[in-house]
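Numbers restart at 1 for each chain; the letters A, B, ... are given by sequence-line order, proteins then strands. Just so we're clear, the structure is a prediction, and the values are computed from it rather than from any experiment.
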Amino acid sequence: MTSLQDRTRFEPAEVEPRIVDRWLSSGLHHPEPDGTPEENYSIAIPPPNVTGALHMGHALNGSIQDTLIRYHRMRGRRTKWILGTDHAGIATQKQVERALEAEGTSREALGRDAFVERVWRWREEYGGTIIEQLKRLGATADFDDERFTLDESYVEAVLKVFVELYDKGLIYRDLYLVNWDPGLRSAVSDLEVEEREVTDTLYHIAYPLEDGGEIVVATVRPETMLADTAVAVHPEDDRYRHLVGKTAVLPLVGRHLPIVADEYVKPDFGTGALKITPGHDPNDFEIGRRHDLDEVTVIGEDGRMTAEAGTAFAGFTVAEAREKVVAALTEQGLIRHAEDHTHEVPFSQRSGERIEPLISLQWFMAMDQLAQPAIEAVRTGRVRIHPESQARRYLEWLENIRPWCISRQLWWGHQIPVWYRDEEETYVGTQPPEGPNWERDPDVLDTWFSSALWPFATLGWPEDTPELRAFYPTDVLSTARDILFLWVARMVMMGLEFTGDVPFSDVYVHSVIQAPDGRRMSKSLGTGIDPLDEIEAHGADAVRFGLLAMSSSQDVRYSSEKVRQGQALANKLFNAARYVLGNVVASTEPAPRPATVADRWILSRLQRAKAQFDANVAAFDFSKAALGLYDFVYGELCDWYLEFNKGRAYDDDLSATMLYVLRETLVLAHPVIPFVTEELWSHVPGAEDLLATQQASGPDATLHDAEAEARVGAVIAAVTALRSWRDEAGVRPGETLPARVDGLDGDAELVARMARLDLGADGDHTAAIPFEGGMIEIRAGSLVDPEAEARKRAAERERLEGEIARAEGKLSNAGFVAKAPEELVAAEREKLERLRRELEQL
RNA sequence: GCGCGCGUAGCUCAGCGGUAGAGCAUCGCUCUUACAAGGCGAGGGUCGCCGGUUCGAGCCCGGCCGCGCGCACCA
């Protein structure tokens, strides 16, 4: 191993691979299942898509989870970070289909079995990528126990859940209007649909009435008129009241349409008359069921018009049919008006295609009954969601929950365990039915159906495994807010339903990292930043620190400054350790052996840093936790304590204290910046094993020292005041100044050393520099420019007078004296007196 | 449309009832026994706008303006 003293910089690229190897070969990431879930600590990783690569969101969440895992591992908990990947039905199938297309073939040409086989091979090849990338981040997930949502045992769990929910009547098959994705040729769930603003043409179309006259309806989708089965008006609408119960005749088709009254219709929109197309519009579908209307389908699953649309339109795409319908209506003089209309239209998040609402035979899951316990769990605090605002979103969604369409017309996934025979018989079971002529339902389950079981299916459920007994329920689930409904809420429901317990006690919803310009990070926009590039450039510690430091309760822009701050911290700590280790008596046992007020001060500040770090981690405030480490290492340990001790002999006492502080600092910082701390640990004399497996001790109240903090606080104030004075007075920092110090008693020596004062010499009085707790008198005569000094003094007097005026004003305010808290008034009085003294001394 | 969040130093963000903060950037000084990916210091803000509550308000309340997100059925 390279000697520490030869290196003046921390080189992540050289150090990190070595350290990762040591961690992995130690097996520290893999706990034996033992103990209870209360004693142990576990986190189930949000399973990345098996085909995925590490992006900034993974890097942030990986940093958060690994920080929690390392923190609790170092505090005596048996920790398991449950690892694995998700088969990601649609995403994976699409990737492989694209590859097939490039080869000039298709999944249809291959057939189902060969295609699925092909996807498995694809997974063999690319599935390990993201796992390897997590290792580079320093993640100590359980790499020895990697799960996949299509593992044999996982499939068993999924099928069992399906069958049980079916038996309870919560899963059912229904002919219902679904969000059809024509690109995917599959149904998708409500949560996979996003609204986009689109400008369409709103046509006013006249429908003749059977008894003469007409009624004009407004629509942006004229082609769907071919499937109209009614016209609706508002029951209170005087313009149309007399038409309710009459019949209109559908142009181009000739179908007779009842005119119905329904509250849904908005009289002030369009013409106030609404064509009803139950087969192709969600609202019309509801209205249709209310009024028992026919459901006609004219658009097929391929996005083209069906035979039902009539010979003039069958086979054309929706867009083509629209033109033809409008042309035909125009010809008949039935288009009364056309205008641009901008509105929100559903698109598939998966394929980007416009959703085509279609009536389709699909599997659904009733959610109301399952939602109730999941609502209770959050209301009663059994599951705590951080930040609070996300808990409100969670509850709102669950309180308004709708049935979940769980079947997907894909090949890659958990095939639905239902068999049919002769259109008559249906069999539902985890094993295929006996007997001939059974056909299995070709559809697979929505990926989120299997993800919902993740925290317990990964631990071996439904078997009563040692892993399940030791680590379920898990402790924390950390995730982004976009899958709070898709995933988190459903895990709570399934966990409660099937294990009788919540799957985790805390949910931490982390920030979404945006591009530096505030746009979404995305490959297609070219705004993505690859965390691996950042690790390459700045080191994994820097990336971890930076991501934690920029995280917040809301979305944040990526801040490369924060990453550089992390890099600076790693380098700083590296050099501080190098310096300390080069000076201490190596054989000394690390221990707090304070011999000076500075020693007592740093020991006291260290306890404070530990307590604050603990509090911040407990509150999931990772930004404060990371920045607090930076402040302690930079602002207290390096800027002051190491400097205080320059020129002091490194005797046994100082060595013991130094080593103690160094070791405690490495232990404290390790969860956030594991690499540099682990590397340094290997150079600390007497430090055994890996830092990652050391046990941290909590803040030690006996080392808290208010007196030392006050005294050193005054020293720091004095030194800072003097440096500032030098800068303004133009006195070089290196120049030793004859001076007297008032108000610091025995600590004046410390100030003299830090600020280059000569307390023994004497000379003309030239300047008085007040600081919080005393006064430095410079006796340097000719060194100082008298004019500059006079200007400074005047400025200082002005400042003091201003502050005195403010304090006097406050104290002469009867309201303040009468109503403000007593101690505040007293403090103000003291301050006023102090300011007056300072002014007098000037 | 309803709901939530955010507008604080040039930039990214803390602070959320008692005299405005950090990191970076800028400027000046400085190679003082670790660290130039150093050290020290300085400048820089009517805390989006208007009212109100309070002895006292970035901080609480109300109303505007701007930005973002979530939910929603206006054809």
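The side chain of D727(A) lies closest to A42(B), out of G39(B), A42(B), G18(B). Comparing atom distances between the S559(A) side chain and each of U12(B), C24(B), C6(B) picks out U12(B) as nearest. Comparing G28(B), G39(B), G23(B) by their nearest atom to the side chain of Q565(A) picks out G23(B). When distances run from any side-chain atom of R557(A) to the nucleotides U12(B), A14(B), G5(B), the shortest one goes to U12(B). Proximity note for K810(A) (side chain, C-beta onward) versus G39(B), G18(B), G5(B): the nearest is G18(B). Side-chain proximity of N575(A) to C35(B), G5(B), U30(B): nearest is C35(B). Here the side chain of T720(A) is nearest to one of G39(B), G41(B), U30(B), namely G41(B). The side chain of R723(A) approaches C40(B) more closely than any other nucleotide in the set A34(B), G18(B), C40(B).
G66(B) adopts an anti glycosidic conformation, its chi angle falling more than 90° from 0.
Using a 4.0 Å heavy-atom cutoff across all strands shown, P821(A) reaches at least one base atom of the nucleic acid. Note on Q5(A): nothing from the nucleic acid sits closer than 4.0 angstrom, heavy atoms only. Note on G647(A): a base of the nucleic acid sits closer than 4.0 angstrom, heavy atoms only. Across all strands shown, T277(A) has no heavy atoms under 4.0 Å from either base or sugar-phosphate atoms. When heavy atoms are screened at a 4.0 angstrom cut-off, R9(A) is found touching base atoms of the nucleic acid.
K810(A) and S812(A) share no side-chain donor-acceptor pair at under 3.5 Å. Counting only N and O atoms by type, the side chains of D639(A) and Y634(A) include no donor and acceptor under 3.5 Å apart. Donor-acceptor pairing under 3.5 Å is lacking for the side chains of D758(A) and T736(A).
Using atom C1' as the reference point in both A9(B) and A72(B), the two lie 41 Å apart (nearest Å). Between U46(B) and A20(B), the two P atoms lie 13 Å apart (nearest whole Å). C35(B) sits 23 Å from A42(B) when the C1' atoms are compared, rounded to a whole Å. If you take atom C1' in G51(B) and the same atom in G21(B), they sit 28 Å apart, rounded to whole Å. Taking the C1' atoms as reference points, A57(B) lies 16 Å from G48(B), given to the whole Å. Taking the P atoms as reference points, G39(B) lies 12 Å from A34(B), given to the whole Å. Between G70(B) and G15(B), the two P atoms lie 24 Å apart (nearest whole Å). Rounded to whole Å, the separation between the P atoms of C6(B) and A22(B) comes to 23 Å.
Interface remark: the K646(A) side chain does form a donor-acceptor pair with the A34(B) base, using a distance-only criterion of under 3.5 Å.
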Derivation and outcome, ring-ring contact (aromatic ring centres under 6.0 Å, His included), residues Y394(A) and F485(A): CA-CA 7 Å; Y394(A) 169 99; F485(A) 311 146; 8.0 Å; no
Trace of the side chain to side chain donor-acceptor pair (under 3.5 Å) decision for N645(A) with Y650(A): CA-CA 8 Å; N645(A) 290 315; Y650(A) 272 70; 5.2 Å; no
R726(A) and E735(A): CA distance, side-chain angles, deciding distance, salt bridge (charged side-chain N to carboxylate O under 4.0 Å, His left out) verdict: CA-CA 9 Å; R726(A) 279 181 192 265; E735(A) 195 97 50; over 6 Å; no
Working for side chain to side chain donor-acceptor pair (under 3.5 Å), residues S560(A) and K562(A): CA-CA 5 Å; S560(A) 51; K562(A) 286 283 191 291; over 6 Å; no
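Remark: P of G5(B) and CD of E388(A) are 11 Å apart, rounded to the nearest angstrom. Rounding to whole angstrom units, CD of residue E735(A) and P of C40(B) are separated by 20 Å. A57(B) atom P lies 13 Å from atom CZ of F816(A), rounded to whole Å. Taking atom NZ on K624(A) and atom P on A14(B), their separation rounds to 10 Å, with Å as the unit. Atom C1' of nucleotide A25(B) and atom NZ of K562(A) are separated by 13 Å, given to the nearest angstrom. Distance CG (L547(A)) to C1' (G23(B)): 16 Å, rounded to an integer number of Å. Following rounding to the nearest Å, Y634(A) (OH) and A22(B) (C1') show an atom-to-atom distance of 14 Å. Summarising the geometry, the separation between CZ on F644(A) and C1' on U32(B) is reported as 16 Å, rounded to the nearest angstrom.
Considering only side-chain N and O atoms, S724(A) lies under 4.0 angstrom from the phosphate OP1 or OP2 of A42(B). In this structure, S623(A) does not reach the A14(B) phosphate: none of its side-chain N or O atoms is under 4.0 Å from OP1 or OP2. Residue K831(A) places no side-chain N or O under 4.0 Å from the OP1 or OP2 atom of G18(B).
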Dot-bracket encoding of pairs in RNA chain B, which uses [ ] for pseudoknotted crossings and | for another strand, Watson-Crick or G-U under 3.5 angstrom: ((((((((.[[[[.)..(..]]]].(((((.......))))).....[[[[[..)....]]]]])))))))....
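Ring-centre distance between H386(A) and Y508(A): not below the 6.0 Å cut-off. Here F10(A) and F675(A) keep their ring centres 6.0 angstrom or further from each other.
Residue order along RNA chain B, read from the 5' end via each residue's closest nucleotide, puts N583(A) first among W640(A) and N583(A). Nearest-nucleotide positions on RNA chain B for N571(A) and N813(A) put N571(A) closer to the 5' end.
Residues S551(A) and S623(A) come closest through the heavy atom pair O-CB, 3.3 Å. A480(A) and V509(A) get closest at one heavy-atom pair: C-CG1, 4.1 Å.
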Letter per nucleotide, 5' to 3', of nucleotides 69-75 of chain B [B base touched, S only sugar-phosphate touched, - untouched; heavy atoms, 4.0 Å]: SS-BBBB
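Applying the salt bridge (Lys or Arg N to Asp or Glu O under 4.0 Å) test to residues at least two apart or on different chains, the pairs with a partner in residues 335-345 of chain A are E214(A)-R336(A).
The one candidate from H204(A), H341(A), H234(A), H343(A) that meets the ring-ring contact (aromatic ring centres under 6.0 Å, His included) condition with F269(A) is H341(A).
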